[in-house]
Amino acid sequence: MRRPVVMGNWKLNGSKAMVTELLNGLNAEVANIEGVDIVVAPPALYLDQAERLIKEGGNKLILGAQNTDIHNSGAFTGDVSPEMLKDLGASHIIIGHSERREYHEESDEFVAKKFAFLKENGLTPVLCIGESEAQNEAGETEAVCARQINAVIKTQGVEALRGAIIAYEPIWAIGTGKAATAEDAQRIHASIRALIAAESAEIAEQVIIQYGGSVKPENAASYFTQPDIDGALVGGASLQAAGFAAIAKAAADAKNA
Ligand code: 13P
């Protein structure tokens, strides 16, 4: 039985005041939710503040981050390393988000390097994959997802996926309100798990596959009742404490039913 993981990707949103308000609100909202890992990924600048607030609030929330560099120190202006993320208490690190692939031209190979470096540093990669609208319409969804995951499997072996998280985020569903149907998402999740199972059934069985893209409190349960959807990567709706907690609770309820 996989323990669901619901993660909030705050993206480029936050201020000292907002971080305090949102995390204090979340600490209270999630206090009685059991059976789900609830992760927040604020902008890196606020990790220190977030770590302190999470501790004060009873350590129910897990701290994550939105990106990493592939070096731990040195002449890499502007970058943030796994060692620094770890130093600030972050454990779950998003890589390969479509916004980074698009705006920062990150390739499958570069994302795979990040994956390997996070593992080497004892951190949990949250590997984002997913197709564009054009690729979806051309029927290329499974092939795109396979290519993105194979960039890791072919360079590091399927064993690298042990303990890792995959987030299937169709690009056309991100921030659009046009979420994938739960049935379509389940079909893709099953194909992702089958791809991994072809290498190792055991690893496929334990890998967490989140859905992301316009997940809201209203549609969350429909995803979590699907057998291969093990949680969510939430953008916009993770910026509201009550709504994000409701999504986490929906995951706990569905998976522990
Ligand atoms: P939205 O939930 O705002 O659609 O964003 C999804 C996402 O990109 C999470 O990484």
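Just follow the structure's listing: the first ligand is 1, and inside any ligand the first atom is 1.
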Is there any N or O on [X] that sits under 3.5 Å from an N or O of ligand 1?
{"X": "Glu99", "result": "no"}
{"X": "Gly175", "result": "yes"}
{"X": "Thr176", "result": "no"}
{"X": "Ile174", "result": "no"}

Note to self: One residue to check: Ala167. Relative to ligand 1, which of side chain, backbone, both or neither has a non-hydrogen atom less than 4.0 Å away?
What the structure shows: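 Neither part.
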So is [X] close enough to ligand 1, meaning a heavy atom under 4.0 angstrom away?
{"X": "Lys216", "answer": "no"}
{"X": "Gly213", "answer": "yes"}
{"X": "Ala179", "answer": "no"}
{"X": "Ala237", "answer": "no"}

Notebook entry, point to check: Angle class for the Tyr211/His189 ring planes (parallel below 30°, perpendicular above 60°, tilted otherwise)?
Noted result: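 Ring orientation of Tyr211 relative to His189: tilted.
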Show the atoms of ligand 1 that are less than 4.0 angstrom away from any heavy atom in [X].
{"X": "Ala173", "value": "4 (O)"}
{"X": "Ser214", "value": "1 (P), 2 (O), 4 (O)"}
{"X": "Leu233", "value": "9 (C), 10 (O)"}
{"X": "Asn9", "value": "9 (C), 10 (O)"}

For [atom], find the nearest protein heavy atom and state the residue, atom name and distance (0.1 Å precision).
{"atom": "atom 3 (O) of ligand 1", "answer": "Gly236 N, 2.8 Å"}
{"atom": "atom 7 (C) of ligand 1", "answer": "Glu169 OE2, 3.0 Å"}
{"atom": "atom 2 (O) of ligand 1", "answer": "Gly235 N, 2.9 Å"}

Check: Are there more than 12 heavy atoms of other residues, nucleotides or ligands under 6.0 Å from atom CD of Gln135?
Finding: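 Yes.
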Checklist line | Heavy-atom neighbours of Lys255 NZ exceed 12 at 6.0 Å | finding: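 It does: Lys255 NZ has more than 12 such atoms within range.
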Checklist line | Residue pairs fulfilling side chain to side chain donor-acceptor pair (under 3.5 Å) with at least one residue in residues 88-99, sequence neighbours excluded | finding: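 Residue pairs passing side chain to side chain donor-acceptor pair (under 3.5 Å), neighbours aside: Lys11-Glu99, His97-Glu169.
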Would you kindly say whether [X] and [Y] are connected by a side-chain donor-acceptor distance under 3.5 Å?
{"X": "Asn67", "Y": "Lys114", "answer": "yes"}
{"X": "Gln49", "Y": "Thr20", "answer": "yes"}
{"X": "Glu131", "Y": "Tyr168", "answer": "yes"}

Margin query: Suppose we screen for salt bridge (charged side-chain N to carboxylate O under 4.0 Å, His left out). Which residues come up paired with Glu205, at least two apart in sequence or across chains?
Written below: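 If we apply the salt bridge (charged side-chain N to carboxylate O under 4.0 Å, His left out) test to Glu205, skipping adjacent residues, the hits are Arg2.
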Check: Among Asp228, Ile149, Val207, whose side-chain contact (heavy atoms from CB on, under 4.5 Å) with Ile192 holds?
Finding: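 Testing Ile192 for a side-chain contact (heavy atoms from CB on, under 4.5 Å) against Asp228, Ile149, Val207 leaves exactly one candidate, Ile149.
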Notebook entry, point to check: Does the pair Lys86/Glu83 count as a salt bridge with the N-to-O cut at 4.0 Å?
Noted result: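 So Lys86 does not pair with Glu83 through a salt bridge.
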